[in-house]
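Numbers restart at 1 for each chain; the letters A, B, ... are given by sequence-line order, proteins then strands. Please read all numbers here as calculations on a predicted model, not as lab measurements.
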Number of protein chains: 2
Amino acid sequence: MLHEEVVGRVRAMLLDGEIPPGARIPERDLCEKLQISRTPLREALKVLAAEGLVQLLPNRGSRAARLTDKDMRDLFEVCQGLEALAGELACERITDAEVAEVAAVHAAMVRHYGDRDLLQYYRCNRTIHEAIIAAAGNPVLSGLYESVTARIRRARYVTPMTPRRWALAVQEHEAILNALQRRDGVGLSHILRAHLRHKREEVLQAGFAETEPQNEARAS
Amino acid sequence: MLHEEVVGRVRAMLLDGEIPPGARIPERDLCEKLQISRTPLREALKVLAAEGLVQLLPNRGSRAARLTDKDMRDLFEVCQGLEALAGELACERITDAEVAEVAAVHAAMVRHYGDRDLLQYYRCNRTIHEAIIAAAGNPVLSGLYESVTARIRRARYVTPMTPRRWALAVQEHEAILNALQRRDGVGLSHILRAHLRHKREEVLQAGFAETEPQNEARAS
DNA sequence: ATAACCATTTTTGCATTCAAATTGGATCTT
DNA sequence: AAGATCCAATTTGAATGCAAAAATGGTTAT
């Protein structure tokens with residue numbers, strides 16, 4: 001198993017909640033589960049700690065990082081900034097074919113909204129946001145976005161929406177597509193910022209923070 | 001020596017050019033120089049690879065990453081986005097005392113401009129930009145900014161400026177301070193974006209990219 | 001009964017060791 | 001003599017072993 005694969009596997013376990021926030025990570029157990037020795041696992045844990053997914057306690061091992069409300073707010077703020085930047089850049093660089101692709105996904109998303117199929121709706125939603133990032137053509141941006149959004153993904157794409165809020169989100173997405181079609185970078189960045197700000201308020205209101213000092217759950 | 005210290009030391013060697021871009025990094029040599037064994041060094045190298053400072057070649061060791069023109073452009077673009085975001089947030093959160101501090105550094109910077117002391121000018125310049133980031137009060141943002149700017153720092157703060165360009169930069173900084181004092185977040189973010197865009201053009205024109213496949217320099 | 005202390009056990013951090021892959025050079029072939 | 005091939009030496013990647021630190025449990029004293 002390659003180094004990047006180990007990192008990926010453990011990262012997935014953290015993001016999926018298979019290792020719950022705040023849980024201690026006993027090296028021996030994880031080694032056994034992944035069928036590797038401690039050396040490559042420890043390398044992966046250090047990388048994940050640098051990403052903010054793992055918290056290292058000197059001489060006391062590592063735990064899955066826990067997101068506070070403040071962390072969530074900070075991550076959403078940065079995400080806003082990155083999406084706004086991506087929106088501007090995307091309008092300069094996106095091709096007609098790519099816009100058409102986004103339009104198609106958008107149409108599908110609207111249909112799922114009509115069916116009130118939240119799961120499919122979120123799937124299209126995420127595809128659209130990622131397409132805008134990709135269209136910016138900036139791998140540094142893509143990398144940071146991936147790392148930031150991964151940490152808030154569950155909150156972002158699981159939080160249920162009120163009918164009122166959902167309708168507004170769809171409306172905002174209409175504006176997003178429109179700005180993209182008109183290649184209105186400034187407009188798009190404003191809409192994206194507002195869109196994310198609303199999402200953040202929603203998530204924070206739902207109380208998605210991961211701050212329960214109890215629940216000393218171990219990684220099964 | 002603590003893990004973070006090893007990472008920091010090697011990172012500094014890479015950023016200072018003590019290990020030049022593109023140079024192979026023989027583990028044994030570096031271990032000897034740092035007086036540690038290969039295990040902790042390799043952990044640090046993986047972390048630095050995740051940061052983009054080191055390039056890992058499977059079974060063929062690691063080299064100091066080399067920045068292409070495209071990389072430089074991408075990093076500057078992201079830096080623009082982050083500073084713009086920081087500017088907006090800073091205007092919401094900065095205290096009068098912090099603004100006064102920025103004003104003082106700005107005044108010192110203008111004096112250094114009068115003396116044509118580029119080194120001191122750049123030092124103040126950097127302090128101001130970092131103060132704006134700090135005033136945003138967002139550790140996630142600060143962390144990403146630090147990691148992005150570290151990689152373009154030499155280009156950003158070493159490139160000589162034409163008298164014409166330098167005067168414009170000072171003018172832009174006047175506007176930055178002004179917007180900060182008026183807590184004009186939108187205005188500040190626009191100025192910062194333009195400021196960074198100018199800087200980027202300057203740097204790219206100076207041809208600061210690190211793309212010379214020859215020069216197989218080893219880390220002394 | 002509670003709290004404090006000490007021995008035991010577990011876990012971490014790092015050095016060392018071992019196997020696999022790569023590199024460079026010498027030899028052989030054409 | 002040029003090129004390909006094979007072998008030794010180096011270097012990487014991962015497992016193991018060992019010392020130090022922390023957690024655990026039980027005992028004793030208050």
Side-chain angles (χ1 to χ4, degrees), chain A residues 1-14 18-66 213-220, chain B residues 1-11 13-14 19-66 213-220:
Chain A
M1 182 154 44
L2 220 54
H3 165 70
E4 262 311 321
E5 198 183 338
V6 177
V7 175
R9 286 274 282 277
V10 180
R11 179 166 28 217
M13 294 173 87
L14 291 162
E18 186 174 340
I19 302 175
R24 292 202 49 191
I25 302 174
E27 295 177 358
R28 280 179 60 67
D29 298 8
L30 242 189
C31 287
E32 201 174 317
K33 192 177 297 189
L34 298 178
Q35 294 291 337
I36 55 176
S37 80
R38 284 178 53 220
T39 307
L41 174 64
R42 286 172 58 78
E43 288 171 355
L45 287 175
K46 307 272 187 196
V47 169
L48 293 168
E51 282 180 33
L53 286 172
V54 164
Q55 182 182 9
L56 295 179
L57 305 122
N59 288 318
R60 290 172 53 184
S62 40
R63 354 172 48 100
R66 215 196 292 270
Q214 38 274 52
N215 243 31
E216 269 292 330
R218 297 179 82 85
S220 59
Chain B
M1 179 151 49
L2 219 54
H3 166 69
E4 264 310 321
E5 197 183 337
V6 178
V7 176
R9 287 272 283 277
V10 179
R11 186 176 11 229
M13 295 174 87
L14 291 163
I19 302 175
R24 292 202 50 190
I25 302 174
E27 294 177 1
R28 274 180 63 66
D29 299 7
L30 240 188
C31 286
E32 200 175 317
K33 193 177 296 188
L34 297 178
Q35 293 290 339
I36 55 176
S37 81
R38 286 177 54 218
T39 308
L41 174 64
R42 286 172 58 79
E43 288 171 355
L45 287 176
K46 307 269 187 196
V47 169
L48 293 168
E51 283 180 31
L53 286 172
V54 164
Q55 181 183 10
L56 296 179
L57 304 123
N59 290 317
R60 290 173 52 184
S62 40
R63 359 173 43 104
R66 213 199 289 273
Q214 35 275 53
N215 247 27
E216 268 293 330
R218 296 180 84 84
S220 56

When the distance from [atom1] of [X] to [atom2] of [N] is rounded to whole Å, what number comes out?
X       : N      : atom1 : atom2 : result
B/Asn59 : C/dT23 : CG    : P     : 9 Å
B/Met1  : D/dA20 : CE    : C1'   : 18 Å
B/Asp29 : D/dT12 : CG    : C1'   : 14 Å
A/Arg63 : C/dT12 : CZ    : P     : 12 Å
A/Gln35 : D/dA14 : CD    : C1'   : 14 Å
B/Arg24 : C/dT22 : CZ    : C1'   : 9 Å
A/Glu27 : C/dC14 : CD    : P     : 11 Å
A/Leu57 : D/dA21 : CG    : C1'   : 14 Å

- Task: Using heavy atoms to find the nearest nucleotide of DNA chain D for A/Leu2 and A/Arg60 separately, return the residue whose nucleotide is more 5′.
- Result: A/Leu2

- Message: Check this one for me: any side-chain N or O of B/Arg28 less than 4.0 Å away from OP1 or OP2 of D/dT10?
- Response: no

- Which pair of non-hydrogen atoms, one from B/Leu53 and one from B/Arg11, has the smallest distance, and what is that distance? CD1-CG, 3.5 Å

- Sequence neighbours left out, what passes side chain to side chain contact (heavy atoms under 4.5 Å, CB included) with B/Arg38? Give chain and number order.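 If we apply the side chain to side chain contact (heavy atoms under 4.5 Å, CB included) test to B/Arg38, skipping adjacent residues, the hits are B/Glu27, B/Cys31, B/Arg42.
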
- Message: Using the side chain to side chain contact (heavy atoms under 4.5 Å, CB included) criterion, which residues pair with B/Ala49? Sequence neighbours excluded.
- Response: B/Val54, B/Leu56

- Query: Measuring from B/Glu4:CD to B/Arg9:CZ, what's the distance to the nearest 0.5 Å?
  - Reply: 13.5 Å

- Query: How long is the gap from CG on A/Leu34 to CE on A/Met13, to the nearest 0.5 Å?
  - Reply: 6.0 Å

- Item | DNA chain D contacts among residues 37-52 of chain B, heavy-atom distance under 4.0 Å |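 When residues 37-52 of chain B is checked for heavy atoms under 4.0 Å from DNA chain D, the hits, listed by number, are B/Arg38, B/Arg42.
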
- A/Arg63 side chain to A/Ala23 backbone, donor-acceptor under 3.5 Å: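 Side chain of A/Arg63 to backbone of A/Ala23: no pair is present.
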
